[in-house]
Amino acid sequence: MHTNYICHMNINKVRVRFAPSPTGGLHLGGVRTVLFNYLFAKHHNGDFILRIEDTDQTRFVEGAEDYIYQCLEWCGLQPDESPKHGGPFAPYKQSERKAIYKQYAEQLIAQGNAYYAFETPAELEQIRSDEKINNFQYNIWTRVNQKMKNSIVLGEEKTKELINNGTPYVIRAKMPDWKDLEKTIPDYREKLVETGENPFKKTVTDLVRGTLELDYANVDDKVLLKADGMPTYHLAVVVDDYLMKISHAFRGEEWLPSLPLHVFLWDNLFGLENMPQWAHLPLILKPDGNGKLSKRDGDRLGFPVFAMDWTDPKTNEKTIGFKERGFLPEAFINMLAMMGWNDGTDKEIFSLEELVTAFSMERVHKAGAKFDYEKAKWFNHEWIKKTTDYRLLTIVKPILEDAGINIDDDKKLVTIIGLVKDRCTFLADFIQQSVFFFKQPENIDVAAIKPKWNEQKNLFFAELIRAYELTQFWKHDELEKEFKEIAAVNEIKAGELMLPFRIMLVGGKFGPHVFNIAEVLGKQETLSRIKYCLKLL
RNA sequence: GGCCGGUUCGUCUAUCGGCUAGGACAGCCCCCUUUCACGGGGCAAAGACGGGUUCGAUUCCCGUACCGGCUACCA
C-alpha cells in the first residue's frame with residue numbers, strides 16, 4: 001500500500017495548464033492566471049503547459065496565438081510544453097485534436113450520458129422567442145418534449161436515419177434525472193433514505209474556496225460536440241486535462257457555474273479519482289464601479305489592460321500594453337501576484353524567483369480585487385529603483401535611441417541612469433530625465449529666472465566661467481565648492497544662483513543635483529551652455 | 001428570474017476565537033533637499049446588517065442586504 005502511494009505520487013507529477021482562446025489581446029486577468037499556474041508548477045517542480053483552445057473557428061484572429069507567446073516571453077513565464085515548444089502530449093492546439101474528442105462524445109452517448117440533438121441555432125432561437133422564455137434551456141424537462149428533435153424523443157431508428165442523411169447534429173450532455181437512476185439502481189430511494197447520499201450531489205475541494213457542494217441538477221444539457229465536429233470548451237477541457245495528465249486545473253471564477261458539468265464528465269469518462277485538483281481564481285474588477293475589468297475600462301480610464309500592445313487585424317485598432325506603457329516585466333508580474341495573493345507578511349516586492357519559493361494556492365484570496373493603477377505605478381517605480389543600472393541600460397538605451405537620442409557612450413548612460421532612476425515611474429520617463437545630458441535643451445525656461453536676473457548675477461557667472469575653465473578636477477564636489485566660494489565672495493546667496501545654473505544646464509526645474517549634471521556634462525559642454533544662456537538674459 | 005460565488009480603511013490586503021483591528025498605495029502634514037524626486041517621521045481612514053454558538057466574535061453557524069459571475073453549437 002505504501003509503495004503504491006509513492007508510485008501514485010510519482011505518476012502524478014504536478015502538471016498545470018493555461019488554456020487561452022486566441023481571440024485577441026492578453027488581458028491582465030489572463031496573465032495572472034498564467035502567473036499562478038506557473039508559480040504553482042515551479043514551486044512543486046512541475047510542468048507548465050500552454051494549450052491553445054481554438055475550438056471556435058468563427059472567432060479565429062490572425063496573429064493572436066503568436067501574440068500570446070510574445071507576452072509570455074516578455075513576462076518570463078515560459079511554458080514547458082506548448083504548440084510552439086512541443087512536448088510529449090502534442091498537439092497542444094485543440095483544432096488539431098478535433099478527431100480525439102468525437103470518440104469521447106460517442107462514448108458518453110453509448111453510456112447514456114449524452115444524446116444527439118438536431119435543432120439548429122436558428123431553431124433554438126425560434127423556440128426562445130415563441131415560448132417567450134428568455135432563457136430556454138435544453139434540460140431534463142424540455143428534452144423530452146415531443147416537439148424537440150433529439151435522439152431521446154425521436155428514438156434510435158429515426159436518429160440513425162437523420163445522421164445517415166447528413167443532418168447536422170450536436171451532442172449534448174444528458175444530465176441525470178431520477179428516472180434514469182431508477183433504471184440503474186432500482187432501490188435508490190431506500191438507499192437515499194439509508195445513507196442520505198444523493199448520487200447527483202458531489203463534494204469537490206477547491207484549493208482556494210475549500211469544499212464546494214455541487215449538484216448535477218444545477219446544469220442544463222450543454223452542447224459537448226458542435227455541429228462542425230469541434231468540441232465545446234466543456235468537453236475539450238475535460239478530455240485534454242485527462243489526456244495531458246493535468247494534475248491541477250486553475251481558472252477564473254467565472255467557470256464555477258459549469259464546474260458540476262465538468263465533474264459530471266469526469267465522473268462518467270475518466271473517474272473522479274483521476275480528476276485534477278481545482279482552484280477557481282478571483283476576478284480582477286474595474287477600479288470604479290463594479291464588474292469584470294475589460295479593455296474598455298482601460299481605454300476609458302487611461303491605463304493598459306493588455307500585457308503588450310495589441311492591434312486588431314480587422315479594425316486596425318491598437319490597444320496599448322503594459323510593456324509599451326513603460327512597465328518592467330518584473331513590476332508587472334509582482335503587481336499581478338499581489339492581487340489576490342500574499343505570503344502572510346508585509347513583504348510586497350517579490351522577484352519571480354521569490355514568488356516561486358513563497359507561493360501557495362491556499363493563500364489566494366477568495367474575493368475579486370479592483371485594479372488600482374496607482375499601485376501598479378508604484379510597483380513599477382519600486383522596480384526601476386531596485387533594478388541595477390547595468391540591466392536598465394539594456395532596456396533604456398533602445399528607448400532613448402527611439403526618441404532620437406544618440407548614445408555613443410554606454411558608461412556615461414549607466415551613470416546617468418543611476419542619477420535619474422529615482423525619478424522615473426515609467427521607462428519612458430528616462431527620456432525627459434536624460435535627454436539634456438546628450439543634447440543642449442531645446443526649450444530653456446528663461447522665464448523662471450529672468451524676473452530676478454541682475455547685473456550682479458551676470459558678473460557671478462562670468463567669474464564662474466573663468467574659474468571653471470581653470471578647474472583641474474571636474475568633479476561635482478569640487479565644482480560645488482568653487483561655486484559657493486565665488487558666490488560668497490560676490491555676496492550672493494548660493495540659493496539664488498542654483499536655479500539659474502540648473503536652468504542653463506537642464507532647461508527646466510527638474511533633474512538630479514546640478515553639480516552632478518555638470519560633472520557628467522563635462523567642462524566644455526557646461527561652459528558652453530552657461531555662455532549660451534547668458535546671451536538670452 | 002434561476003443557479004453559483006463573494007463581503008475588513010477610498011484601493012490592495014493581514015488577522016486561521018482574545019483587537020488598543022496591522023501593513024501598503026493614494027490623500028494630508030512635517031523633516032531632509034537652495035529644482036524635481038528619493039528617504040525619514042506623522043495624521044486621517046475599515047470588520048454590510050440582524051440573529052445565534054461562546055466567558056469572549058472580524059474570525060464559526062443561520063438569515064437579510066449588497067456586489068459579482070454564469071445562464072450560447074464563446075471561452
Side-chain angles (χ1 to χ4, degrees), chain A residues 19-23 53-56 58-59 94 117 119-121 124-125 128 133-138 168-172 206 209 212-215 217-220 222-234 236-237 251-260 280 282-283 285-292 335 338-349 362-363 365-379 381-382 385 420-425 429 432-433 445 448 484 493-499 501-503 506 508-514 517:
Chain A
S21 169
T23 52
E53 307 229 344
D54 57 347
T55 53
D56 187 354
T58 62
R59 295 215 299 168
Q94 289 180 334
E119 288 85 2
T120 63
L124 289 171
E125 191 74 21
R128 287 189 178 104
I133 314 169
N134 287 335
N135 352 305
F136 164 82
Q137 290 189 328
Y138 229 117
Y169 64 87
V170 299
I171 293 179
R172 285 182 180 273
D206 183 287
R209 268 144 233 284
L212 295 172
E213 306 265 350
L214 308 178
D215 192 340
N218 281 338
V219 284
D220 54 330
K222 293 288 182 215
V223 170
L224 265 18
L225 200 75
K226 301 186 262 189
D228 65 1
M230 279 288 200
T232 59
Y233 171 84
H234 305 298
V237 73
R251 52 175 18 172
E253 165 178 34
E254 69 268 28
W255 289 109
L256 232 25
S258 46
L259 184 59
H280 290 84
L283 265 17
L285 278 10
K286 300 176 195 296
D288 60 338
N290 295 298
K292 258 204 287 192
M335 178 265 300
M338 299 313 288
M339 296 201 77
W341 176 86
N342 69 83
D343 74 342
T345 74
D346 290 338
K347 187 174 157 87
E348 289 192 276
I349 301 297
E362 286 76 13
R363 287 206 63 87
H365 204 71
K366 288 185 183 69
K370 288 186 184 179
F371 177 64
D372 182 356
Y373 190 48
E374 292 305 316
K375 187 90 184 211
K377 276 155 60 174
W378 176 79
F379 275 110
H381 194 184
E382 289 300 309
K385 285 189 288 178
V420 306
K421 68 177 179 181
D422 278 358
R423 37 215 104 207
C424 296
T425 299
D429 292 343
Q432 197 229 12
Q433 292 291 339
D445 187 8
K484 286 183 171 168
K493 282 183 201 157
E496 288 185 37
L497 299 162
M498 300 279 259
L499 186 66
F501 190 33
R502 168 175 300 279
I503 301 284
V506 178
K509 289 189 264 188
F510 62 93
H513 291 289
V514 70
I517 297 170

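Computed over heavy atoms, backbone and side chain alike; hydrogens, waters and symmetry mates excluded. Numbers restart at 1 for each chain; the letters A, B, ... are given by sequence-line order, proteins then strands.
Remark: the separation of the C1' atoms in B:G51 and B:A65 is 14 Å, to the nearest Å. Taking atom P in both B:A57 and B:G52, the straight-line distance is 11 Å, to the nearest Å. Between the C1' atoms of B:G50 and B:U11, the separation comes to 28 Å (whole Å). Comparing the C1' positions of B:A24 and B:G5 gives a spacing of 27 Å, expressed to the nearest Å. When the C1' atom is used for both B:U71 and B:U15, the distance is 37 Å, rounded to whole Å. Rounded to whole Å, the C1' atom of B:U53 lies 25 Å from the corresponding atom of B:A46. Between B:C29 and B:G22, the distance separating the two C1' atoms is 22 Å to the nearest Å. Taking atom C1' on both nucleotides, B:C9 is separated from B:A26 by 12 Å, rounded to a whole Å.
Candidate nucleotides B:G5, B:U71, B:G69 were compared by shortest atom distance to the side chain of A:Pro257, and B:G69 ranks first. Distance from the side chain of A:Glu53 is smallest for B:A75 among the nucleotides B:G5, B:G23, B:A75. Listed nucleotides B:G5, B:C38, B:C73 differ in distance to A:Leu256; the shortest reach to its side chain belongs to B:G5. In the set B:C3, B:A14, B:U35, the nucleotide with an atom closest to the side chain of A:Leu499 is B:U35. When distances run from any side-chain atom of A:Lys375 to the nucleotides B:U71, B:A37, B:C25, the shortest one goes to B:C25. For A:Arg363, the side-chain atoms get nearest to B:A14 when compared with the rest of B:C12, B:G5, B:A14. Proximity note for A:Asn218 (side chain, C-beta onward) versus B:C25, B:C3, B:U13: the nearest is B:C3. The listed nucleotides are B:U35, B:C73, B:G10; the one nearest the side chain of A:Val170 is B:C73. When the nucleotides B:U35, B:G39, B:C73 are ranked by their closest atom to the side chain of A:Val223, B:C73 comes out on top. The nucleotide whose nearest atom lies closest to any side-chain atom of A:Ser21 is, among B:A24, B:G5, B:A75, B:A75.
Looking at A:Gln433 and A:Phe510, their side chains come closer than 4.5 Å, going by heavy atoms from C-beta outward.
Residue A:His513 is the one, among A:Gln94 and A:His513, whose nearest nucleotide of RNA chain B lies closer to the 5' end (criterion: closest heavy atom). Residue-to-nucleotide proximity on RNA chain B shows that, of A:Gly508 and A:Tyr169, the 5′-proximal contact is made by A:Gly508.
Summarising the geometry, the separation between CG on A:Asn342 and C1' on B:C16 is reported as 13 Å, rounded to the nearest angstrom. In this structure, the NZ atom of A:Lys370 is 16 Å from the C1' atom of B:G69, given to the nearest Å. Between A:Leu283 atom CG and B:C4 atom P the separation is 18 Å, expressed in whole Å. What separates CG of A:Asp346 from C1' of B:G23 is a distance of 4 Å, to the nearest Å. Going from atom CG of A:Asp56 over to atom P of B:C73 covers 11 Å, rounded to whole Å. Per the geometry, OH belonging to A:Tyr233 stands 13 Å off P belonging to B:C70, to the nearest Å. The nearest whole Å value for the distance from the CH2 atom in A:Trp255 to the P atom in B:C3 is 22 Å. Note: CG (A:Leu212) to P (B:C4) measures 11 Å, nearest angstrom.
Checking the phosphate oxygens (OP1, OP2) of B:A75, no side-chain nitrogen or oxygen of A:Arg59 falls inside 4.0 Å. A close approach under 4.0 Å does not occur between any side-chain nitrogen or oxygen of A:Lys222 and OP1 or OP2 of B:C73. At the phosphate of B:A37, neither OP1 nor OP2 sits under 4.0 Å from any side-chain N or O atom of A:Lys421. An OP1 or OP2 oxygen of B:G39 is reached within less than 4.0 angstrom by a side-chain nitrogen or oxygen of A:Lys385. Dashed line: the shortest gap from a side-chain N or O of A:His280 to OP1 or OP2 of B:G6 is not under 4.0 Å. Phosphate proximity of B:A72 to A:Thr232: absent, as no side-chain N or O sits under 4.0 Å from OP1 or OP2. For A:Lys509 and B:U33, the shortest distance from a side-chain N or O to OP1 or OP2 is not below 4.0 Å.
Distance alone, capped at 3.5 Å, places no donor-acceptor pair between the A:His381 side chain and the A:Ala376 backbone. In terms of modelled atom types and a separation under 3.5 Å, the side chain of A:Asp220 and the main chain of A:Lys222 share no donor-acceptor contact. With A:Thr23 contributing its side chain and A:Arg59 its backbone, the two residues share no donor-acceptor pair below 3.5 Å. Side-chain atoms of A:Arg363 do not come within 3.5 Å of backbone N or O of A:Trp341 as any donor-acceptor pair. A donor-acceptor pair under 3.5 Å links the side-chain atoms of A:Lys347 to the main chain of A:Ile349, judged by distance alone. Remark: side-chain polar atoms of A:Asp445 are not paired, donor with acceptor, to backbone N or O of A:Lys509 under 3.5 angstrom.
Residue-level contact check: A:Gly291 touches the backbone only, with heavy atoms under 4.0 Å from sugar-phosphate atoms and none from bases. Within 4.0 Å (heavy atoms only), A:Thr345 reaches no atom of the nucleic acid at all. Using a 4.0 Å heavy-atom distance criterion, A:Ala227 is classed as a base contact. Backbone-only engagement by A:Gly340 is indicated by non-hydrogen atom pairs under 4.0 Å involving sugar-phosphate atoms exclusively. Using a 4.0 Å heavy-atom distance criterion, A:Glu119 is classed as a base contact. Residue-level contact check: A:Ala494 touches the bases, meaning some heavy atom is under 4.0 Å from a base atom. Residue contacts for A:Pro512: at a heavy-atom cut-off of 4.0 Å it reaches a base atom on one of the strands shown.
A donor N or O paired with an acceptor N or O is found under 3.5 Å between the base of B:C36 and the side-chain atoms of A:Arg423.
More than 12 heavy-atom neighbours from other residues, nucleotides or ligands sit within 6.0 angstrom of NZ on A:Lys286.
Residues A:Lys375 and A:Asp372 are not paired through a salt bridge, judged by the lack of any N-O separation under 4.0 Å between the basic side chain and the carboxylate.
Nucleotide B:C28 is shown with an anti base, its glycosidic torsion being more than 90° from 0.
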